[in-house]
Amino acid sequence: MNQYHPAKIEKKWQKYWEKNKTFKTSDSSDRPKFYVLDMFPYPSGAGLHVGHPKGYIATDIVARMKMMQGHNVLHPMGWDAFGLPAENYALKNKMHPAESTEKNVQVFKKQLGLLGFTYDWDREVNTTDPEYYRWTQWMFIEMYKRGLVFESNEPINWCPSCKTGLANEDLDDGKCERCGSIVEQKPMRQWVIKITDYAERLLNDIDKLTEWPEPIKEMQRNWIGKSEGALVKFAVIPTEAQGRAEESLSIEVFTTRPDTLFGCTYCVVAPEHELLRNQKFNIKNQKEVNEYIANAKNKTVMERTELAKEKTGIEIQGIKAVNPANGEQVPIFVADYVLGNYGTGAIMAVPAHDERDWEFAKKYDLPIRCVVIPDAYSVESASKPFSDNFQKDQDVEMTKILLGEKCNVSGGISTNSDFLNGLKTPEAKQKMITWLEEKNIGKKKTQYKLRDWVFSRQRYWGEPIPLVKCEACANKKFNYILIHGFTSNSSRGFKPWLKTELEKDGHRVWNPDLPNTTNPNVNEQAKYVLENSPFSIDEDTVLVGHSLGGPVTYRILESINKKIARTVLVDPVVRPRFNDQDRPEVVASCDWQFDWKKIKINGGKIVVLGDIHRPIIKKEHLVELEKNLGADLWWVIPQNYHFSSRGGAVESEPAVLRASIDSGWSVVDDEELPLELPKVKHYEPSGTGESPLATIEKWVNTKCPKCSGPAKRETNTMPQWAGSSWYYLAYAMPRVKGKYIWDKKVIEYWIGSGLAPRSPSEAQGEGGVDFYVGGAEHATRHLIYARFWHKFLFDIGMVAHDEPFKRLQNLGVILAEDGRKMSKRWNNVINPNDIVARFGADAMRVYEMFMGPFDQPCAWNMQGVVGAKRFLEKVWDLFPRLDKNFTADASVGIMHKTIKKVTEDISEMKFNTAISQLMIWVNELRAQEKTSFDELKNLTLLLAPFAPHLCEELWEMLDQKSSVVNADWPKYNPAKIQDNEITLAIQVNGKLRDTIVVPFDISDTDAKDRALASEKVQKWLEGRAPKKVIYVKGKLVSIVA
RNA sequence: GCCGUGGUGGCGGAAUUGGUAUACGCGCGGGUCUUAGAAGCCCGUUCCGAAAGGAUUGUGGGUUCGAGUCCCACCCACGGCACCA
């Protein structure tokens, strides 16, 4: 037999696999399925370095073992090829991104091909393939139709170098994650996805992810950043009469500590706060304030963070805020330690119990009032010396004494707080919230750190956003009729606000009080509207029906013989059965029979809004309505319960406004998809905020799908994260001539229980890709986006489970030999091609898995690869010792132990110890003169996932016909694992003094006797009688002297 | 600052979850083969000590017959978040 020659063997078997389609995956099988997935790579121009394949090797090992264990395995690979880096690379190399991407993909594919992976290349996906992004665009449109996509002009993160807006997730320490430039805040027209509507579910469902690493889950929890507290309204008043019309003005603050409201001694608004733009009051130091704002604006995110230690701010003179708890007038400051984009952009400052407020108050000498006694100083435990001082009006000193220089109080007992005095923090919070809600000056509020997803990029290389803008439609004026619900009236809830907003835009609005609102009759109310409407109800009419106003709207639409422009149904009653309580008056208000066909026709464009978290109207009713009316159903988080505040105050509901107006935007028809990215010569970013697509007139100018007038396409493109948010589904989609088919049964086969349900409600067990491997750097980006995207697809019935990835495994990066990151910059990159050429792919695979724990970073060591190769050579050299007549009775124990350990370790991603065990066994086998067929067969099978080429060759040498992946994975015999003789350790006073070899089933007393009989033990006992002898079965004897 | 992860020989790391610490590999030392080198092969290799023996899992305490593993306090490294009210 000749030498181990990896180059020859590897080429031979790679050809064999390709020719025999060994890894072709079928969408149906009697065998259980297993879907194992890598985070697909971004095909950069640099090609792969040895770090990249680490995860792919691991999934390949798992895939191969699963195949051998009789599973139908899906193990695909594809390319995440849209996005900024690809475009920047193309620009730098003066190529078209389509070209460079294609070229890079080929390089990557060739490199991966050297390593012997089990990919079914027929399932390769590429996010830049129009047939692929047809679906990305389709999903975006579905989100748009459901009100999850909106246009915004808020300041966003702008990278001056990449010349595009970025999402919060794309930032790294205030810098562009891609190019490292300092990011600016720039107001920009952009498309935003309301991922915040899913914040609560994204947070709660983390608990379902039992097979995810805990640190990743914690990072997601922190990123979502839920805090519960209250909104509190502070009236704003002028300090002296200004001779202007009395206008009510207020600022709203968010606090997690409503219990400390009595300790509020000033308020702070962010420089961006609208109060400062409001000219209603005479601000005495307006100039100074303006300067401060301008100054703050010029600061970058970086500077604002760096200067965090030293807080700045100035008092707004001429106005005061009124603390609603005690009526006290407190100064208002503008300071940039308050963030404009969190909460309401305004805070109540409680310097005694908030570190930042404390700092600020100290600097500007503001009063500090203690309102919570920390638990550590509770009146009983520490009444001296504090209790004496406590009642005195020496708050500043008091706080200092109580809290030293630290002022965080997470919990305690309220004091100096009127009706809260004596209550513990949680109760005080609750009592304050109830009090605020009763007085209608505040309410409970949950706030998230997660921000909506800035989804547009002013760049070329991305999926075109399939939207069309028609100015004529946008400018059209309508006549709105607002129809209130049961026990309500025209002045309640969002209606007055909505009326104002619409009238601002030049629309006409009728907001009537309907008759008999506490004992309503739907027919009577509909009649009232029809008879009293100041406008004729026709194609220029928009009906907005809220709650029981829904059925009134249905009646109106039934009784007219015209089609109106638009119908907005806000949490409308569909059938008189509710989630919370019965309402007999509503039941009695009509016959609940509706002519849905007619309503559907006459309603025009119909939008239904539902409360995603606390619905009064049953979800299935709104879904039914959606179907009956062909409506767009929006699940939103309203500002107020059931879109109407409890106290009847005037409230904004932005979602209702968005649903009510015609923005002029339309979605591209399904037949027009994919909306292809036009091929252009020049695609450099303009830098003005316009996408390079804007200059391609032929492409931009189009027809309005609604009015057929001239319209323009959206020219921004989607971010890289769009295509990667659902690619794991694309692998599971059957294809016909390159077109992806959404076959729910097949998708559910792969990402569900393996059984195909006919509807989401039939879904069984947990869903998701069985096993997903990738880097932890995606914790708060890809993995949040993909979870959101999947939940959306679940909501619209496209998938049957609401989490995409069942088990997640992180991998640790491979560092260069110098311990730094592998990078061109350090000139320390190692190319896998070189390693394969020198040592073979199998040696590289074994080495990378043997380096250390899979999820920990580890530096490359070339000598280690030599060691891996040596090990494979040792295996190879074992085969000439094969004696088919030889049976290895004596050494069979270690074989079964190895089968057990390797099987378990692969399942647990402990490849290093699996290989170690194989090495131990091989070392044992080398000590024998002969090896049995059984030993070599099992060794080949166990090693096959790690070193597939070598093992195919060895398998052939054992006269086996089919590929080794078609062989059965070995099973161990538990009876054979138990050695006949075991070594017991003997400790005297906790120190090891001797070891003895005994039969494995030695009895308790025998073990103790044998231990005590040991000469060494006797020596250490020095004649003393043992006080205590402990026998731990199969392990040791511990003697206490 | 907050959250998370980790700290074991010269190096990468193992340790059945409270039971012989340092498996396996690398490196190093010695030997063997060879004209020589490379590659093999054999032996050794936590530290101190000639040995007997002693010490040792970031540091200091504790629980236990017994602690790398559990508890308390602290130190260091890495990762995430960072004025989030």
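Throughout, a chain's letter reflects where its sequence line sits, starting with A, and its residues are numbered from 1. All heavy atoms count here, side chains included; hydrogens, waters and symmetry mates do not.
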N/O contacts under 3.5 Å, protein versus nucleotides 27-31 of chain B?
residue: B:G27; atom: OP1; partner: A:Gln863; partner atom: OE1; Å: 2.3

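- For A:Val1040, taking side-chain heavy atoms from C-beta onward, the closest of the listed nucleotides B:C65, B:A14, B:A85 is B:C65.
- When each of A:Asn923, A:Leu918, A:Asp842, A:Val866 is paired with A:Phe871, the side chain to side chain contact (heavy atoms under 4.5 Å, CB included) condition holds for A:Leu918 and for no other.
- Minimum atom distance to the side chain of A:Ser1038 is reached by B:C65, of the listed B:U20, B:C65, B:G53.
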Toss me the dot-bracket line for RNA chain B: Watson-Crick and G-U wobble, both under 3.5 Å, 5' to 3', using | for pairs to another strand and [ ] for crossers. (((((((..(((......[....)))((((((.......))))))(((....)))..(((((..]....))))))))))))....
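- Taking the side chain of A:Pro853 as heavy atoms from C-beta on, and the options B:C83, B:C41, B:A14, the nearest nucleotide is B:A14.
- With B:C42, B:G4, B:A15 as the choices, the nucleotide that has an atom nearest any side-chain atom of A:Lys910 turns out to be B:A15.
- Distance CZ (A:Phe254) to P (B:A85): 6 Å, rounded to an integer number of Å.
- Rounded to whole angstrom, the span from the CG atom of A:Asp994 across to the C1' atom of B:U20 amounts to 11 Å.
- Taking the side chain of A:Lys991 as heavy atoms from C-beta on, and the options B:G19, B:C83, B:A55, the nearest nucleotide is B:A55.
- Looking at every heavy atom in both residues, A:Pro351 comes nearest to A:Ile368 through CB-CG1, 3.9 Å.
- Of the side-chain N and O atoms in A:Lys869, none sit less than 4.0 angstrom from OP1 or OP2 of B:C26.
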